[in-house]
Number of protein chains: 4
Amino acid sequence: MPKTKEQNEQLKKERIDSIYRAALYLFATRGFNGVTSDDITNAAKCSHGLLYHYFGSKEELFQHLINDIVLKLDEEITKDVDFTQRPKFLIRDLLNAYLGALKQPRDDYACAIYLLLNLYIQSRFTPKVKKTFKFRIFENIYCTIEEGKKVGEFSDYPTRELTILLLSVLKGLSYNRINLGHKNCIIPRSEIIMKMILKEEGRNA
Amino acid sequence: MPKTKEQNEQLKKERIDSIYRAALYLFATRGFNGVTSDDITNAAKCSHGLLYHYFGSKEELFQHLINDIVLKLDEEITKDVDFTQRPKFLIRDLLNAYLGALKQPRDDYACAIYLLLNLYIQSRFTPKVKKTFKFRIFENIYCTIEEGKKVGEFSDYPTRELTILLLSVLKGLSYNRINLGHKNCIIPRSEIIMKMILKEEGRNA
Amino acid sequence: MPKTKEQNEQLKKERIDSIYRAALYLFATRGFNGVTSDDITNAAKCSHGLLYHYFGSKEELFQHLINDIVLKLDEEITKDVDFTQRPKFLIRDLLNAYLGALKQPRDDYACAIYLLLNLYIQSRFTPKVKKTFKFRIFENIYCTIEEGKKVGEFSDYPTRELTILLLSVLKGLSYNRINLGHKNCIIPRSEIIMKMILKEEGRNA
Amino acid sequence: MPKTKEQNEQLKKERIDSIYRAALYLFATRGFNGVTSDDITNAAKCSHGLLYHYFGSKEELFQHLINDIVLKLDEEITKDVDFTQRPKFLIRDLLNAYLGALKQPRDDYACAIYLLLNLYIQSRFTPKVKKTFKFRIFENIYCTIEEGKKVGEFSDYPTRELTILLLSVLKGLSYNRINLGHKNCIIPRSEIIMKMILKEEGRNA
DNA sequence: GATGAATGAGGTTTCATTCAT
DNA sequence: GATGAATGAAACCTCATTCAT
């Protein structure tokens, strides 16, 4: 009955993790208001009180979820991208990283991407995430496009315009990925998307 | 007799309209679950009893909103598009129609587009819309791309893939438009988006 | 357009009557709390406001219903009974009058009897009927049994006990009559019921 | 661990029981529509949330009440009746069982009998009781009268007619018992009621 | 730590009643 | 007189949160 300290730590970690997993999927699919704390604890197969024991409130759970899980996943997705290469390859690789994450059978990448892109704009009616955190996804793309334009790789449309287009596509695709599932969801190749921002070479139109 | 019949009809219509207007904006910005029925009636400056008098429930209000308002607005947006022209011009004009709607100061077009594109996929956790209705927005684009591919105007990627890309962009943009407002929202030109689906001419790649 | 005074009076009378008819049936079948004012006006095919125009409130409608309709029907049912005859024949005739009323295709007699017998006891949770009125049905039977016992026609059980038995049977039967309808409801002969109160003659037990 | 498991079970049982007790009395005296959920929880001295925690809705509470309590009480009332004896003694004993239950100071027997007899017929406007259950009270009496007629103990009126008479009397008496209380209510002896159905011996007519 | 019974603020819905015409 | 749009008190119900053990 009395477990070792390590066993206890392990158990605790697993429980917290299963709450996170359940919350990530539910918040992404139904939105913060569409999920009850019972939905989460049922999915996580833990008692009602535990969520409050560990997280204090549903809102705090959401905030921890963003800071502890979603941002980690985002880093994980982009960890192999070489940020030192030329802008057009960097953007392509970033896109490939996100699209690759969406293609995987596991749902958490898609959920994380979707929640993150939601947060970027729609913060008014989602619980405030108190701790500051870097919106890597937006900054990365915005800065890279800026640079790419300087070196003549990208078209001359406003950077913000181009960034929003890319993020919209990503958000739309992650949304579809979450709601259609791994099997039914088609994830396009990055080349199609790249066309929107690349400067057209040797064309007449 | 109660007032004149016409006056009564007129009054009733106005009240219903103001409920619809409030509901359209609120549902689009906060999601079905993020809106209380009092939010709506407060915004519409009527008693909450009236909402139930006319619509029966919050859910039925949502359904009526889609059928009576959102689909009308969608038709209105695309009413001047010439559906007989060549696919690549048709898609361009459709895109321009939607982007043009998003550019206008009025919010209802953006709200309608956003709700409609949400419905197309995420029907699981949104109240079911009982009456069947045509998803003009999806069908139009899907069929047109099919034809365009036959006449060699569009790239050879799967039609579904291309359609989803276009709709994702539209959804992302309408989402931004709603949440950033008319002034702060940049709506890109259709040409950039068209690049994703057009067959590249005179290129070797 | 301008009707004559008589026509107007006539119309008014008919409308009030149709409200009464609807209310009588609905109150009897569903109870005061199970009926909405809309149920009544829908059944009476009149506007919502009219009920309040004529009766002031649902509760007042109920009270008027008892005083103006139910007591009238009770009198009508028992109007041919000869109250001067010997108790055992009087009780028999009264029973036959009520049972005869229940046998008729029209529902209003059964509804009236049921409401009346309900009122007799369960006044705590039914709106108070303000105007005093005679509970003919109870008094008639009680007094007659008293007399009958004096002349040795009825058994020696307490009068109250015997009265309650008779009324219980009547109430149960009118309840069945209302809920099963004219066709499906069997109304027993008065003789069976009379056995409960008649003194047994020439028997050894 | 939360309290001891047994304590918890016990506490839960008591709360549920006190809700049942309150509901049984209130539904019987005022009818389903005359009782609010707060009436019940006030009487049971618990929060209204608890009612919904355990029963889901007022309607489900009603259904559980019938299945878990009312039918149990009915069995309890008739548990000592010898169902193997001759019909006329069986009916007498059944009657005595019910009348005996009505005579007791506790109200729950009367409430249970009343609700049960109500259900037998008036199912239209009472919430539907989904689980099927045996109407012991009706079946017992109907079948026994049938048999009794075969062996010549009961009068030759239709069985259904006789059954309804008996049940009407029981319903009327339980109704009175509930509304007048233990002290003020006279419960007649079964002999009087038996007279309605017994074949008259040694008489001419 | 962990549980789940219990609470009550607040959301959803109903419906008796009012009132301008 | 008659209508029916409109109101809001009060019912029903949900769910985030607390707490004793």
Side-chain angles (χ1 to χ4, degrees), chain A residues 2-3 8-9 11-12 15 33 35-41 46-61, chain B residues 1-5 7-16 33 35-41 46-61, chain C residues 2-3 8-9 11-12 15 33 35-41 46-61, chain D residues 1-5 7-16 33 35-41 46-61:
Chain A
K3 311 228 169 61
N8 268 331
E9 277 301 304
L11 268 174
K12 179 176 163 180
R15 284 165 175 288
N33 291 308
V35 177
T36 72
S37 58
D38 264 14
D39 289 336
I40 296 169
T41 51
C46 77
S47 86
H48 205 95
L50 205 58
L51 191 157
Y52 291 89
H53 186 61
Y54 284 131
F55 299 101
S57 75
K58 191 179 134 186
E59 190 162 325
E60 283 175 79
L61 165 60
Chain B
M1 302 293 134
K3 315 195 176 181
T4 60
K5 232 176 186 170
Q7 276 178 311
N8 245 340
E9 282 299 306
Q10 186 54 27
L11 272 175
K12 187 173 161 176
K13 219 164 163 305
E14 274 168 27
R15 291 309 205 102
I16 289 180
N33 290 308
V35 177
T36 71
S37 55
D38 273 6
D39 288 337
I40 297 169
T41 50
C46 73
S47 73
H48 69 258
L50 204 60
L51 189 158
Y52 291 90
H53 183 60
Y54 284 128
F55 298 102
S57 72
K58 193 179 131 187
E59 190 162 328
E60 282 176 84
L61 166 58
Chain C
K3 310 229 168 65
N8 268 331
E9 278 300 304
L11 267 175
K12 180 176 162 179
R15 285 165 175 286
N33 291 307
V35 177
T36 71
S37 59
D38 265 12
D39 289 336
I40 297 169
T41 51
C46 77
S47 86
H48 204 98
L50 204 58
L51 190 157
Y52 291 89
H53 187 62
Y54 283 132
F55 298 101
S57 75
K58 190 179 135 186
E59 190 161 327
E60 283 176 80
L61 165 59
Chain D
M1 301 292 133
K3 316 199 177 182
T4 60
K5 230 175 186 171
Q7 275 178 311
N8 246 340
E9 281 300 306
Q10 186 55 27
L11 272 175
K12 187 173 160 178
K13 219 164 162 302
E14 274 168 26
R15 294 307 204 103
I16 289 181
N33 291 307
V35 177
T36 72
S37 55
D38 274 6
D39 289 337
I40 296 169
T41 51
C46 72
S47 73
H48 69 260
L50 203 60
L51 190 158
Y52 291 92
H53 182 60
Y54 285 129
F55 300 102
S57 73
K58 192 178 131 185
E59 190 161 327
E60 282 176 83
L61 166 59

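These numbers come from the heavy atoms of this one structure, side chains and all, not from hydrogens, waters or symmetry mates. Proteins get letters first, then strands, A, B, ... in listed order; numbering begins at 1 in each.
Taking only side-chain nitrogens and oxygens, His53(B) comes nearer than 4.0 Å to OP1 or OP2 of dA5(F). The shortest distance between the side-chain N/O atoms of Tyr52(D) and the OP1/OP2 oxygens of dT14(F) is not below 4.0 Å. Contact annotation: Lys58(A) side-chain N/O to dC15(F) OP1/OP2 distance is not under 4.0 Å. Distances shorter than 4.0 Å separate none of the side-chain N or O atoms of Ser57(A) from OP1 or OP2 on dA16(F).
Distance Leu51(B) CG to dG8(F) C1': 14 Å, rounded to the nearest Å. The interatomic distance linking Phe55(A) (CZ) with dG1(E) (P) rounds to 12 Å, in whole Å.
Under the side-chain hydrogen bond (donor to acceptor under 3.5 Å, both in side chains) criterion, Asp39(C) pairs with Arg30(C), Thr36(C), sequence neighbours left out. Among residues two or more places apart in sequence or in another chain, the side chain to side chain contact (heavy atoms under 4.5 Å, CB included) test is passed with Ser57(D) by Glu59(D), Glu60(D). Remark: Ser37(D) pairs with Tyr52(D) by the side-chain hydrogen bond (donor to acceptor under 3.5 Å, both in side chains) rule, at least two apart or across chains. Under the rule for a side-chain hydrogen bond (donor to acceptor under 3.5 Å, both in side chains), the partners of Gln10(D) that lie at least two apart in sequence or sit in another chain are Glu14(D).
The residue Ser37(A) sits close to a base: some heavy atom pair falls under 4.0 Å.
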Exercise. If you write DNA chain E from 5' to 3' in dot-bracket form, with Watson-Crick or G-U pairs under 3.5 Å, [ ] for crossing pairs and | for pairs with another strand, what do you get?
Worked result: .||||||||||||||||||||

Protein-nucleic acid N or O pairs under 3.5 Å, nucleotides 8-10 of chain E:
from   : atom 1 : to       : atom 2 : distance (Å)
dA9(E) : N6     : His48(D) : NE2    : 2.7

